[in-house]
Amino acid sequence: MKNVLKILFICHGNICRSPMAEFVFKDIVKREGLEDRFHIESAATHTDQIWDGVGDPVYPPARKELARHGIGCEGKRARLLNKNDYEKFDYLIGMDEANIKNILRITGRKSSNKVSLLLKYAGENRNISDPWYTGDFEATWDDVKKGCEALFEYFRSEGKI
């Protein structure tokens, strides 16, 4: 039996991009019947959406975009990335370069092969725009879906699943 792959998607506040990636990837894994092969979560690099230790739920427009594609995210609340996540997860996947810098800072690393941009798996070295600022949740959906599908295919091509 192969090991469970542990993936943590990360963005600034954990209410838009990273929870979208978490639930899109969970949906892909479920459709493939491989839920027992993955542990998937998401986290924030900042406490902007966490109050007295309680994280905000997924931002309503992000939740609406997921629902438009038949994907739910009920119960998800923002949580902060912590140093121990580096040891707990096999892949720490940021949505943009600022996330990557903050992931390395929070985990105490100068660099790491565990840390990467999501769109790297789709052959694109670019950020996923933050819809909190752009207001374009559909474009974010498109990028997240592309990245998650490519990540899944990467695992398949590498014989990890």
Exercise. Are F9 and V144 close enough, and set up right, to give a side-chain contact (heavy atoms from CB on, under 4.5 Å), and what steps lead you there?
Worked result: CA-CA 11 Å; F9 294 103; V144 165; over 6 Å; no
For this session: Would you check, one step at a time, whether the test side-chain contact (heavy atoms from CB on, under 4.5 Å) holds for R31 with I28?
Result: CA-CA 5 Å; R31 282 188 280 116; I28 292 168; 3.4 Å; yes
Kindly compute the distance separating [atom1] ([X]) from [atom2] ([Y]), expressed to the nearest 0.5 Å.
| X | Y | atom1 | atom2 | value |
| --- | --- | --- | --- | --- |
| L118 | E124 | CG | CD | 10.0 Å |
| H12 | T45 | NE2 | OG1 | 6.0 Å |
| N127 | C11 | CG | SG | 12.0 Å |
| Y121 | I93 | OH | CD1 | 4.5 Å |
| E153 | C148 | CD | SG | 12.0 Å |

Exercise. Can you tell me if NZ on K145 sees more than 12 non-hydrogen neighbours from other groups inside 6.0 Å?
Worked result: no
Seminar exercise, completed: With sequence neighbours left out, the residues meeting side chain to side chain donor-acceptor pair (under 3.5 Å) with S129 are none
Are [Y] and [X] connected into the same hydrophobic cluster when the rule is that any two of I, L, V, M, F, W, Y join if their side-chain heavy atoms are below 4.5 Å apart?
| X | Y | value |
| --- | --- | --- |
| L66 | I40 | yes |
| V29 | W141 | yes |
| V115 | I10 | yes |

Exercise. Could you give all pairs that pass the ring-ring contact (aromatic ring centres under 6.0 Å, His included) test and reach residues 88-109, with sequence neighbours left out?
Worked result: H39-F89, Y91-F155
Problem set entry | M20 and its side chain to side chain contact (heavy atoms under 4.5 Å, CB included) partner, picked from I71, I128, T140 | T140
Exercise. Are E87 and R109 close enough, and set up right, to give a salt bridge (charged side-chain N to carboxylate O under 4.0 Å, His left out), and what steps lead you there?
Worked result: CA-CA 12 Å; E87 299 306 325; R109 308 283 181 217; 2.8 Å; yes
For this session: Taking N99 for its side chain and M95 for its backbone only, find out whether a donor-acceptor pair lies under 3.5 Å.
Result: yes
For this session: For N102 and A98, indicate whether the former's side chain and the latter's backbone hold a donor-acceptor pair under 3.5 Å.
Result: yes
Exercise. Quick one: do E32 and R37 make a salt bridge, cutoff under 4.0 Å?
Worked result: no
Exercise. Can D142 and K146 be counted as an ion pair, charged N to O under 4.0 angstrom?
Worked result: no
Do [X] and [Y] come within less than 4.5 Å of each other through their side chains, counting heavy atoms only?
| X | Y | value |
| --- | --- | --- |
| S112 | Y86 | yes |
| K6 | N3 | no |
| C73 | P19 | no |

Applying side-chain contact (heavy atoms from CB on, under 4.5 Å), can you list everything that pairs with [X], at least two apart in sequence or on another chain?
| X | result |
| --- | --- |
| A78 | N14, I15, Q49, I50 |
| R68 | E65, E138 |
| E158 | Y154, K160 |

Problem set entry | Check: K76/S42 side-chain N/O donor and acceptor closer than 3.5 Å | yes
Problem set entry | Distance-minimising heavy-atom pair for L80 and D85 | O-OD2, 4.3 Å
For this session: Name all pairs fulfilling the salt bridge (Lys or Arg N to Asp or Glu O under 4.0 Å) condition that reach into residues 92-108, sequence neighbours left out, sorted by first residue then second.
Result: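 Passing the test, one end in residues 92-108: R17-D96.
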